[in-house]
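Here's the structure we're looking at; comments come further down.
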Amino acid sequence: MAVLLGLRGLTKSFSGVRVLSAVDLDIRAGEIHALIGQNGSGKSTLIKLLSGYHAPDRGSVVLRSADIPMPMRPGEASRLGLHFLHQDVGVVGSMTVLENLRAGRYRTTALGRVDWPKERRAARAALAALRLDIDPDARVRDVPAAERALLGFARAIQDLDHTRGDVLVLDEPTAFLPGPSVSMLFAAMRDIARRGSAVIFVSHRLDEIMEIADRVSVLRDGHLVQTVATAETSARQLVAAMLGRELGTLYPVRGTARGRRVLGAEFLSGRMVHDVSFDVHEGEILGLTGLLGMGHDEVPYLLFGAARAAQGSVQVGDRTITGLTPARAIGAGIALLPADRQRHSGIPNATVLENVAISDGGRFMRGCRLRHRAERGAVQRVLDMLDVRPADPDRPLRTLSGGNQQKALLGKWLRTDPAVILLHEPTQGVDIGSRRQLLQKIADIAAAGTAVVIASAEYEELAHLCHRVLIFRRGAIAAELTGAALTEAGITEQCYLA
Ligand SMILES: Nc1ncnc2c1ncn2[C@@H]1O[C@H](COP(=O)(O)OP(=O)(O)OP(=O)(O)O)[C@@H](O)[C@H]1O
Ligand SMILES: [Mg+2]
């Protein structure tokens, strides 16, 4: 098949550190091409060279046999036929859905005014094409993370021109999506490829790659080490190419300890869940799952006081937390790692040190001065423990790759030695090598006595890691799986039961 997009010798360094080394890559018309690699291997940087966000130090890009100017001017990529869903520069929370979808492409009337009825129709059509039931006038910050990811996708595909052959570039689009939404996204991607355009797809989920991609390219430390047809490889081989070694077993051995009750939720109700009650014990890892919109992912935020509970109470030990707020939850020994790290958890322009230290600054205060050295040492230990790369406390958080930001922020909460830790999609965006370390870490803190609650749509991970999984349907606990019944197939079946 014809080569649509060719990368020739693309090279990029940041402050003298080589991040991409002479990358050559051909993308063919009609293919879905996966790009994989460990956290920090250079995937997003490569994509940002294509979008004109960064300028390459060397190298060139050919689109439909013509050289394209690098770096591109703003808007140039889209005019040429390159469309992006970026990993971090997502949709703008304070704008409405309509504004996000249509910004930069408004149609005007003869008088030069924006034709809002027409715009609203165009937005509705874009949403309907993805079967998204979102009000175009809703503020994006009020739209749940999963739908927001699909919104970014809807925006990226609006201007695709299949007759000339365009390229759609998706940087971890499935990070927030549970199964059925992923299937929908994949159907849309297949349709795009069938019509003659090409899709570049970044994901850490190898099962997805094996399912959807025609070919896959592997980046390791900024070098493109392999491009193969998925039909001619296996997930195992891809992992070895990514890590440069075999992975071994992914999942930690599950501890059996189950001590006294640490956390109690009684008759909790919020926006999605109603009258939910459960206990979590010392050393226990409890999973909460369900399909999109079933409410399991609201529970950590209710328990933490970050989402307003319509009713119900939360106990830590024997004490009920009155007037639950995040500050009181932290005071009672509860920690939360939200899924939407960009929005809720990290401060992108602050340094890694400031981000990781932030949760317990008090511990390092003496008089009014931060005990810098003690603090730096503690943060450094967290970065080393979770293998954050680079393990440099003084870098701005935003210059870390997505997965490394994630590990640093998890480390921040692990440091506080909480009685209860609430995790929402903890391994999102984390590569398979680091995932193993992270899961081991979670198992270790549970074994040391912390009660762990994980809200996630990663069924396989839940099945291996948790002692118990609660399945939510329509805002209520519909099933509880433990022991031999706690398998990936068992969870899937329970989630899909009507
Ligand atoms: N603006 C920047 N300034 C300095 N270093 C940067 C900047 N952006 C990225 N880097 C570094 O470049 C390397 C590659 O990062 P990149 O974001 O491309 O990784 P990635 O493969 O997308 O990883 P992930 O899977 O975690 O998203 C990392 O070491 C990162 O710290
Ligand atoms: Mg990335």
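Residue indices begin at 1 and follow the sequence shown. Atoms within each ligand, like the ligands themselves, are counted from 1 in listed order.
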Min side-chain heavy-atom separation Leu46-Lys12 under 4.5 Å: no
Geometric N/O contact Lys43 with ligand 1, under 3.5 angstrom: yes
Which residue and heavy atom of the protein sit nearest atom 13 (C) of ligand 1, plus the separation: Val19 CG1, 3.5 Å
Nearest non-hydrogen protein atom, atom 16 (P) of ligand 1: Thr45 OG1, 3.6 Å
Atoms of the protein (N/O/S only) found under 2.8 Å from the Mg ion (ligand 2): Ser44 OG, Gln87 OE1
Salt bridge (Lys or Arg N to Asp or Glu O under 4.0 Å) partners for Arg18, two or more places apart: none
Proximal ligand 1 atoms for Gln38, defined as those under 4.0 Å from one of its heavy atoms: 21 (O)
Polar proximity ligand 1 side, Gly42 side, N/O cut 3.5 Å exclusive: yes
Side chains of Thr227 and Asp26 in contact at under 4.5 Å (non-hydrogen atoms): no
Region of Glu172 that comes within reach of ligand 1 [heavy atoms, distance under 4.0 Å]: side chain
Heavy-atom nearest neighbour in the protein, as seen from atom 29 (O) of ligand 1, with distance rounded to 0.1 Å: Gly40 O, 4.1 Å
Per-atom contacts of ligand 1 with Leu400, taking only distances under 4.0 Å to non-hydrogen atoms: 31 (O)
Contact (N/O only, under 3.5 Å) between Ser401 and ligand 1: yes
Side chain Lys407, main chain Asp387, donor-acceptor under 3.5 Å: yes
Validation row: Leu127, Leu151 side chains within 4.5 angstrom (heavy atoms): yes
Listed partners of Phe201 passing ring pair (Phe, Tyr, Trp, His ring centres under 6.0 Å), at least two apart: Phe186
Distance from atom 10 (N) of ligand 1 to nearest protein heavy atom, with residue and atom: Thr399 O, 3.3 Å
Selection residues 14-39 - residue pairs positive for ring pair (Phe, Tyr, Trp, His ring centres under 6.0 Å), sequence neighbours left out: Phe14-His54
No-hydrogen, no-angle side-chain donor-acceptor test under 3.5 Å, Ser401 and Asn39: no
Minimum side-chain heavy-atom gap Ser434-Leu438 below 4.5 Å: no
Between Glu461 and Thr427, a side-chain donor and acceptor under 3.5 Å: yes
Min N/O separation Gly429 to ligand 1 under 3.5 Å: no
Side chains of Thr230 and Glu211 in contact at under 4.5 Å (non-hydrogen atoms): no
Ligand 1 N/O within reach of Arg389 N/O, cut-off under 3.5 Å: no
